[in-house]
Amino acid sequence: MARDYAEMEAKWQKAWMDRKLNESERKDGKPKFMIIFAYPGITGYLHVGHLRGYTIADALGRYKRMTGYNVLFPVGTHGTGNGCISLANKIRKKDEKTVDYLIRNGCSPEKVEKLTEPMDVVNFFNDVYQNDYWKRFGFLADWRRFTCTLYPDYAKFIEWQFTKLKENNLLIQKPYYAPFCPECGPVAVDPSETDISKGGLAETQEYTLLKFWCEEKKFFLVAATLRPETVYGQVCFWARPDIDYSIVEKDGETWVVAPQAAEKLQLQFDNVRTVGSVPGKELIGLMCRAPMLHKLIPVFPADFVDPNIGTGLVTSVPSDAPSDWDALEAVKRNPDLVSVYNIPQDVIDSVEPISIISIKGYGDFPAKDIIDKMKISEIKDPEKFKEAMEEAKKVVYKDGYHMGRMKDICGEFAGMRVEEAKDKMKQAMIDAGEADLFRDLTLEVVCRCGRTVHIKRIDDQWFINYADQKLTEGTQANAKNMTIYPPEYYDNVQGVLDWYRERACVRLGKWLGTKFPFDSKWTIEAISDSTLYPVYYTISLYANSGQITPEQMKPCFFDYVILEKGDAASVSKETGISADLLDKIKADVHYWYPLDINLGGKEHMTVHFPVFLLNHRAILPDEMQPKGILVNWYVTGKNKDKISKSKGGAQPIPGAVAKYGADAMRLYYAHVASMYVDVEWDEDVVFTYRQKLEKIMATVEALVSEESDVPAGPIDDWLMSRFSTHLNEIRAAMDKYDLRSMATVVYYDMANDMRWYERRGGKNKATLTKALRIWINAMMPVTPHVAEELWEIAGFNGLVSEAQLPEADAVSPAAEYGEVFLQNVISDVNEIKKMAKGDITKAVIYTSPAWKIGIVKDAIAMAKEGKLTPPDLIKKCMADENLKRMGKEVSNFASKTAVDLKRGSIEDREAIIGMDERAFLDSAKDFIAAEVGLEVQVFSADDEGRYDPAGKAKIAAPGRTAIYLE
RNA sequence: GCAGGGGUAGCCAAGCUAGGAAAAGGCGCAGGACUUAGGAUCCUGUUCUUAGUGAUUCUAGGGUUCGAAUCCCUACCCCUGCACCA
């Protein structure tokens, strides 16, 4: 049967809106629950992966609604940064890829034309996120409170937040080295490439600049190295003969570096200027004095040197650097050295590798060893050769760092571990004026504007001092009192808070965001303006409705409504907001806060969540500290990588909803795996969830349209007990926010029970009505549209989204046990039937003899007194003359019973004993016969006239029938 | 490097913070029912063995225990985050 999901969804979404279910109002005295998901940054269209966490948040909110809470689930977006600026720029320039991307995701060409201003982009995506994603998924979010970090009222809130940080002495200034675009200012370099167009994997490395004095020319050749500990192994120096180098003046010294490096130096040091240039080939053959060694070494030509990396000059340590080893071998065979550069042969000959570091598993020259081991000399393809060299470098560096020890030749550093020597030698050379520090990126990084990004020193950078000890400890203490899932993160967050240091909180350049209130040349950066914001959702309602204006939202306003500082009259006077309204807002803030759950993707574990906690601790009082954090893992692409929003290719959300229906997607997210593992996106899996839902809908429809009304019997008791059990399971699971377990119960266990009830002939109207009310209600959090539809079909009043989940009745193990027993009998018969040879037409079932029941009863009684042991039980049995006559059979059974009872629960055993198996099976005889396809006879093992040709009956025990087939 | 997570049957995935069921559930596969064309539904089965209560399994190897997928140790392998990125 084809269902129009879109129509069904729209119908119920409208019904919810009409009833204003999503609009959360303070209800004094009613318990509240406030949940948010970490709002998304506006970087383009979202994909099916993002909806995982959002959907879970909505489902949790809905669950809380149906269990007595007044729920607030607000949403917003984060537009800070330059994503929207660059997107608008690209659109303005009609960048083909960008336009394509927009159109492919459903933006009309006319609309694309209009997205040329950053705020247009912001507003466009704010609309897309709310209307095309969240509303389509049926979220009961309070849209009236929607906020965006670029709204003027939000900015007022951020200004206030920073005022508070400053008052608390948590803002500090110090120099900082940042990736910097000459056009846009500092940029974020990270794999998601939000700010940049190339080089997201680049890292900032700290090089040691080594100064080599060249007496002949009166200048320093300056090399950059990552391994200052290897200076004792320097034997020569590499320069590119085919490029020109720059001569720069720095603090009265003359340095030679590649022109690219000269540019970078100017960004990181004062008083650097380029004063001339020198061709690389003129450097070849010069002798220069190596730092630390204080020995003259020759400059040799090398073409592996990259002028874009470091200084474009390299000191050579062939013993430990594979490329140096390789280049040295090559240069020694190069006749140009003598003929072109006039280097004396004895100088060339004197250059020999020096062994300086001993590493377990390597010989004197680790560089040579790794080259041999990886058989790099045999690689012909230049690209692959280069890659192999890189790999070799990494391996030998890493092994050297961890396992290496400095050899005796290394002066005062001899015997030290490399890890330790590295810093000490670096510092020694800096102190001696032979070295300096320099930072560079490992890859070329290009800003979204097209300019190349370099590291720049920024002197007056503002930081939030997250290293503050009191703040850290206070935050850690709060985190210990919070509900944090998964449990690993509960433990882990303590350590994360420990290593949190000062964090840059503002940046220069053209960025969207709030201006730094103490110096407007700075803009508050993206992480720092998204830490305390959940509390703002309690206020945004009033700004959005125009009851208060940004101009009125002065610090004293926030002080009053959030921190309860000041008095209404004077704040009212200063802001122009009526005292009544001030008090109303204040009451709202303190009704909804603290935040109960902040849910976000796992990427937030070391970024957003810690600063979220820290800022709350820094600014808000104890009673407003957050209560919970939930972390969700990703939906990944086929190759286990995160589905990238920028790279496209992922299923656009509106298409997926149209194809599978919102509820199938919701069920998929809730049930496909634990929240705490990554899931590979697979449309076929979503489809099976859709089928599952359709099956359930068909089942309910069939049950509702059932005409007959069979009187209630044991199977009705069974179903009611099962549903009570399930209600308990649901509540237990949701106490741990375990949506997946809850969904298993609702969509699988309960569905199976309904099917079994029907199979057993259950058709009692009252039972069905009660069961359906529970079942459909339990579906509401995960599949609200389907639940509403079924709720209506079943004839229940109102909206299920407003209904309260019934409390569980008492669970009856006895009522549940009968069916378990029955299923065991059937599966045993089937099992034996499979094994038996020949035609089987009849099954004879024997129930336990009375004496065994008696023994179990005795055993239970003894167990309850806590003195059940096999010998005692046997003794008691043997006191009975009738039992004694059966001897060994009795003692065997008794000891087995005693052991069994120690494991299983006594309640279950009592349920078994409490049942008249014979009567029960008699009543179910026809059902068994139909299930196994055999004629069925039932006897008690005690029946005198039983049919028992194989003598099977004696095997029968309570809970376990004996079976004979023929 | 620093910090952390994990290896479960053909696949996905529970269970493993409280040790006691060949190991939930789903998918896939096989057989059957129904009855038909739908990416159906419903039963049954899906380690080996066997007229059922047996044997061997949860990366590998040790250990603790009456008993371990679950606790401890070792090895191998995989993965994640790491700060002006939300």
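Below, chains carry the letters A, B, ... as their sequence lines are ordered, and counting in each starts from 1.
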Practice task
Would you write the dot-bracket representation of RNA chain B, where each base gets (, ), [, ], | or . depending on whether it forms a Watson-Crick or G-U pair under 3.5 Å and with which partner?
Solution key: ((((((((.[[[..)....(....]]]((((((.......))))))((.....))...[[[[[..)....]]]]])))))))....
Problem - Verify stack between A:Phe687 ring and B:G39 base, 5.5 Å, 30 degrees - result: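 Stacking is present between B:G39 and A:Phe687, given that their ring centres fall under 5.5 Å apart and the planes under 30°.
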Got a list of side-chain donor-acceptor pairs under 3.5 Å for residues 741-751 of chain A, not counting sequence neighbours?
unit_1   : atom_1 : unit_2   : atom_2 : d
A:Ser741 : OG     : A:Asp738 : OD1    : 3.3
A:Ser741 : OG     : A:Asp738 : OD2    : 2.6
A:Thr744 : OG1    : A:His671 : NE2    : 3.0
A:Thr744 : OG1    : A:Arg740 : O      : 3.1
A:Tyr747 : OH     : A:Met779 : O      : 3.1
A:Tyr747 : OH     : A:Thr783 : N      : 3.4
A:Tyr747 : OH     : A:Thr783 : OG1    : 2.6

Handout entry: A:Leu965 side-chain proximity, nearest of B:A51, B:G52, B:A83
Key =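 The closest nucleotide is B:A51.
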Handout entry: B:U41 phosphate, OP1 or OP2, under 4.0 Å from A:Arg755 side-chain N/O
Key =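 A:Arg755 to B:U41 OP1/OP2: no side-chain N or O under 4.0 Å.
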Handout entry: For A:Glu931, all residues meeting side-chain hydrogen bond (donor to acceptor under 3.5 Å, both in side chains), sequence neighbours excluded
Key =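 Residues passing side-chain hydrogen bond (donor to acceptor under 3.5 Å, both in side chains) with A:Glu931: A:Arg759.
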Problem - Aromatic ring proximity, centroids under 6.0 angstrom, A:Trp681 and A:Tyr668 - result: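 Yes, the ring of A:Tyr668 comes within the 6.0 Å limit of the ring of A:Trp681, centre to centre.
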Exercise for the section: Assign A:Asn830 to base, sugar-phosphate, or nothing according to its heavy-atom contacts below 4.0 angstrom with the strands shown. Expected result: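 Touches nothing.
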Practice task
Scan A:Leu471, A:Leu497, A:Val493 and name whichever one has a side chain to side chain contact (heavy atoms under 4.5 Å, CB included) with A:Gln476.
Solution key: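 In the set A:Leu471, A:Leu497, A:Val493, the residue that makes a side chain to side chain contact (heavy atoms under 4.5 Å, CB included) with A:Gln476 is A:Leu497.
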Handout entry: A:Tyr676 OH - B:G15 P separation (whole Å)
Key =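 Those two atoms, OH and P, are 11 Å apart.
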Problem - A:Lys521 NZ: over 12 foreign heavy atoms closer than 6.0 Å - result: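 Yes, the 6.0 Å shell around NZ holds more than 12 heavy atoms from other groups.
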Exercise for the section: Check salt bridge (Lys or Arg N to Asp or Glu O under 4.0 Å) between A:Arg457 and all other residues, then give those that pass, not counting sequence neighbours. Expected result: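 In terms of salt bridge (Lys or Arg N to Asp or Glu O under 4.0 Å), with neighbours along the sequence ignored, A:Arg457 is linked to A:Asp270, A:Asp459.
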Problem - Nucleotide-resolved protein contact map, nucleotides 32-38 of chain B, B/S/- at heavy-atom distance under 4.0 Å - result: -------
Please write out each protein N/O paired with an N/O of nucleotides 21-30 of chain B under 3.5 Å, distance rounded to 0.1 Å.
none

Exercise for the section: Ignoring hydrogens and angles, state whether a donor on the side chain of A:Asp529 or A:His78 is under 3.5 Å from an acceptor on the partner side chain. Expected result: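 On atom types as modelled, these side chains qualify, holding a pair under 3.5 Å.
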